[in-house]
Amino acid sequence: MRSIHIAEWILGLVTSAERASPTVGDLAEQASSRGAVWLWSAVMRTAFALMWRQVREDPLRVTGAALLGVAVDVGASYIFICFIALLYYVVAAYQNLHVPHLLNAAAATWNLAGPLVASLAVGRVLARLATGREIAVCFVYVVLLCVCGLILLFFVPTMPSPAWALGILEDLAQQAPVFAGAVWGRRLACRSGKLQH
Amino acid sequence: MAAAPSLGEFEQVVLLAILRLGENAYGVTIGAEITECTGREPGPGALYTTLDRLEDKGLIHSRMGDPTPQRGGRAKRYFTVNAKGVAAIARAQRSYQRLLEGCVLPGLNHA
């Protein structure tokens, strides 16, 4: 039964809870004769189809929101780079005075946490820009980032081809916090009544 | 006056399946009816997005049934075609009939 709850949660991300619940019930009813693999395949296909419908319903709004998300991401990256540069400058300046290694640790921590926090923030921004279509806009955002990455790699062909593929996979993995931020935003919108449960 | 909603091929198939099933039209039975009548099994993604779209267009409406244990305690969502939906499917089928008139097709005689 736990898997039914997870399936309902997944579908609830791309449709209202009142539609997600009977849909999962239908899939569970059929899964009793078709098995668990079919259930999860059906849940993922249904979730993707419902998400894609949200993109097709209003492609301009979704793409516009995703482009704005890319702009926010680029802006946040510049702020992050500036902050890191400033931090390392301070570290370098104070190392001669034997200041504790606290600043070094802070820089290293920020180096790890910064992109995570920035991605979560981008996810929240995307959720706010496209309330009710949070996952759809994140999907378009990731596709746009991949396309931008491919274009950049095409014009700057310094890396060997296997590294391209690895780089793109790494980029995709780094977008998980964006989806988490969007889910968080959707949850807040549901709680505040902006979005139907 | 608002333009009459146009129907895609699969939307017509789903509407006709709901009409055939009457009071017992929910996701599982609609899918089974389509498979039985057309010989093609609809994917769950296509079926549920079409049902949502038809409801959003105001051609069908849904009501919730009682939860059952074999469905993990989830209720069934029963669909019925309303007057607007019946008019839309009748209009779409009349268009097909007009297109078929004069055509000579194996096994069909609309001349």
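Just so it is clear: chains get the letters A, B, ... in the order the sequence lines come, proteins before strands, and each one is counted from 1.
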Please report the closest heavy-atom contact between B/Pro44 and A/Ala42, naming both atoms and the distance.
CG-CB, 3.8 Å
Minimum-distance pair of heavy atoms, taken over all atoms of B/Met64 and A/Pro22:
CE-CG, 3.7 Å
So does [X] have more than 12 non-hydrogen atoms from other groups sitting under 6.0 Å from [atom1]?
X       : atom1 : answer
B/Glu9  : CD    : no
A/Arg45 : CZ    : yes
A/Arg56 : CZ    : no
B/Arg53 : CZ    : yes

For residues [X] and [Y]: do they belong to one hydrophobic cluster (side chain heavy atoms under 4.5 Å, members Ile, Leu, Val, Met, Phe, Trp, Tyr)?
X       : Y        : result
A/Ile10 : A/Val183 : yes
A/Val72 : A/Leu120 : no
A/Val24 : A/Met44  : yes
B/Val86 : B/Leu51  : yes
B/Val81 : B/Phe10  : yes

Has B/Arg74 got a side-chain atom pairing as donor or acceptor with A/Ala20's backbone, closer than 3.5 angstrom?
no
Within residues 59-66 of chain A, which positions have a heavy-atom distance to chain B below 4.5 Å?
none
Write out, in numerical order, the residues from residues 25-40 of chain A with a heavy atom short of 4.5 Å from a heavy atom in chain B.
A/Gly25, A/Asp26, A/Leu27, A/Ala28, A/Glu29, A/Gln30, A/Arg34
In the hydrophobic clustering (ILVMFWY, side-chain contacts below 4.5 Å, transitive), which residues join A/Leu116, or is it alone?
none
Apart from B/Tyr26 itself, what residues make up its hydrophobic cluster when side-chain heavy atoms of I, L, V, M, F, W and Y under 4.5 Å apart count as a link, directly or indirectly?
B/Val28, B/Tyr78
If we check side chain to side chain contact (heavy atoms under 4.5 Å, CB included) with B/Thr49, which of these qualifies: A/Arg53, A/Met51, A/Gln54?
A/Arg53
